[in-house]
Amino acid sequence: MTVEAEQVFFADPALDRMMGVVMALAAEVFVLRAKIRALEGAAPEPGDADAFARHLLEPVLGTRP
Amino acid sequence: MTPEARAYQDFVGACRRFWAGPLFRQLRDEAETCAENPELFATRIAGGPTHAYFAWFERHLQRMKYSGRWGLVPVLEAERATLAAGLPAEGDGLTLDPGLALPGYWTDHDIHQHPGGLADEISAFVYREATGQGGVVGQPQLHDRFAALVLKDRPARDIVDLGCGFGRSAVAFARAADAAVTGIDLSASCLRLAACELPEALRGRVAYRQADAANTGLAPESFDLVTSTMLLHEMPAPALEALIAESARLLRPGGTVAHLDFLPPADALGRLLYAGHSARNNEPFMRDLAELDLEASFRRAGFATLRVDEFAERDGALDHPRQAWRLPWTVILATKPLSPEDPA
């Protein structure tokens with residue numbers, strides 16, 4: 001079975017792979033947060049996912065706040 | 001879908017909105033500073049870090065949507081038996097062709113990064129979930145807007161919708177016109193889901209048929225309108241030429257063909273992102289459509305007039321400067337002459 005290489009976007013392909021690790025971890029954190037909120041009996045907050053994504057991804061813009 | 005899978009998909013969706021919004025705007029603003037200088041554009045923009053992040057997120061958020069622990073494919077696989085049991089076999093306006101030769105361009109690529117593509121029995125459910133509520137991703141009005149635009153001043157009694165998928169485009173045309181609509185697709189799964197979800201009011205007026213859009217097997221000159229939505233860019237050049245010829249064969253004299261698809265924008269950033277989307281979303285034939293001489297192809301097939309216009313999938317979609325990344329939606333309209341001697 002042939003395993004195809006994933007596309008590379010950064011000058012150093014190690015960064016491509018590490019981004020995958022970071023995003024997998026971030027997804028786990030978000031899922032766990034949702035689970036904790038459900039266990040606490042709290043309703044999902046509207047816009048929570050967007051706020052989480054903004055907080056997570058803003059550094060890639062490379063701009064000062 | 002479990003609460004964990006729903007939360008994961010919400011996370012991916014929110015990251016996609018950040019990618020299409022703030023990250024796109026950052027890239028757009030950076031590109032603006034060297035719009036007139038191709039060398040600077042190549043080094044600072046195409047080869048710069050913001051574009052690298054933009055490309056990475058486009059590729060991998062799509063991968064995350066479909067694959068991995070809570071990706072749509074494994075999540076819906078767990079519900080396979082229930083989902084498959086709900087699909088109709090045939091009849092009631094649904095005609096399948098189990099012996100249909102599926103073209104290699106359709107079977108050989110995981111289009112949209114959907115593992116296995118649309119050949120699997122429950123793949124239509126994955127596709128529908130990936131597409132979101134109504135319309136297409138984030139554009140719920142798209143099909144209705146296209147149908148209204150095409151049917152304005154072009155009444156049609158018989159419509160064939162090529163590459164109808166799980167039926168949203170065919171239903172939009174059936175709702176907008178008092179016409180009989182035939183939806184054609186290669187995917188039996190999509191057609192079965194389309195037939196299953198056809199609104200009761202449209203039963204008897206909409207039929208679904210498994211066939212190749214480039215060789216439908218339908219009677220010649222039996223339609224006033226041939227349409228497609230997001231089909232052309234999935235086909236290599238020879239299949240595109242065959243589809244255009246087939247459209248001419250299916251149309252009555254004076255009939256219209258209307259395709260809603262993607263053509264590369266004029267600006268450097270738009271062209272860069274168009275080519276990138278083709279590679280990153282596993283849609284290799286977008287380049288074939290971009291390079292096709294539409295005027296010559298439609299003329300060769302016997303069409304008299306051709307119009308190519310930008311399409312606004314929602315109000316304000318074409319405003320400048322762009323506030324969010326969007327696919328370069330384009331309407332391609334051509335008319336078959338009333339007689340071979342009548343060029344108009």
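The figures here come from the full heavy-atom set of this structure, side chains too, leaving out hydrogens, waters and symmetry mates. Below, chains carry the letters A, B, ... as their sequence lines are ordered, and counting in each starts from 1.
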Side chain, backbone, both or neither of A/L32 within contact of chain B (heavy atoms, under 4.5 Å): neither

Chain A heavy atoms under 4.5 Å from B/W70: which part of the residue, side chain, backbone, both or neither? side chain

Contacting moiety of B/Q26, where chain A heavy atoms sit under 4.5 Å: side chain

Could you grab the distance from atom CG of B/L269 to atom CZ of B/F54, nearest 0.5 Å is fine? 7.5 Å

Please flag which part of A/A27 lies under 4.5 Å from any non-hydrogen atom of chain B: side chain, backbone, both or neither. both

Which atoms of B/F18 approach chain A - backbone, side chain, both or neither, heavy atom under 4.5 Å: side chain

With no hydrogens and no angle check, just 3.5 Å: does a side-chain donor-acceptor pair link B/Q62 and B/H112? no

Check against side chain to side chain donor-acceptor pair (under 3.5 Å), B/Q113 and B/R280: CA-CA 8 Å; B/Q113 296 197 60; B/R280 297 191 278 269; over 6 Å; no

Going by side chain to side chain contact (heavy atoms under 4.5 Å, CB included), B/P115 matches just one of B/S67, B/P74, B/S123. Which one? B/S67

Which region of A/A26, side chain (C-beta onward) or backbone (N, CA, C, O), has a non-hydrogen atom less than 4.5 Å from a non-hydrogen atom of chain B, or is it both or neither? both

Can you tell which part of B/L27 gets under 4.5 Å to a heavy atom of chain A, answering side chain, backbone, both or neither? neither

Any donor-acceptor pair under 3.5 Å from B/E313 side chain to B/Q141 backbone: no

If you tally heavy-atom pairs under 4.5 Å between each of B/W19, B/F57, B/Y53, B/W56 and chain A, the highest tally belongs to B/W56

Is it the case that B/R63 and B/N282 place a side-chain donor and acceptor less than 3.5 Å from each other? no

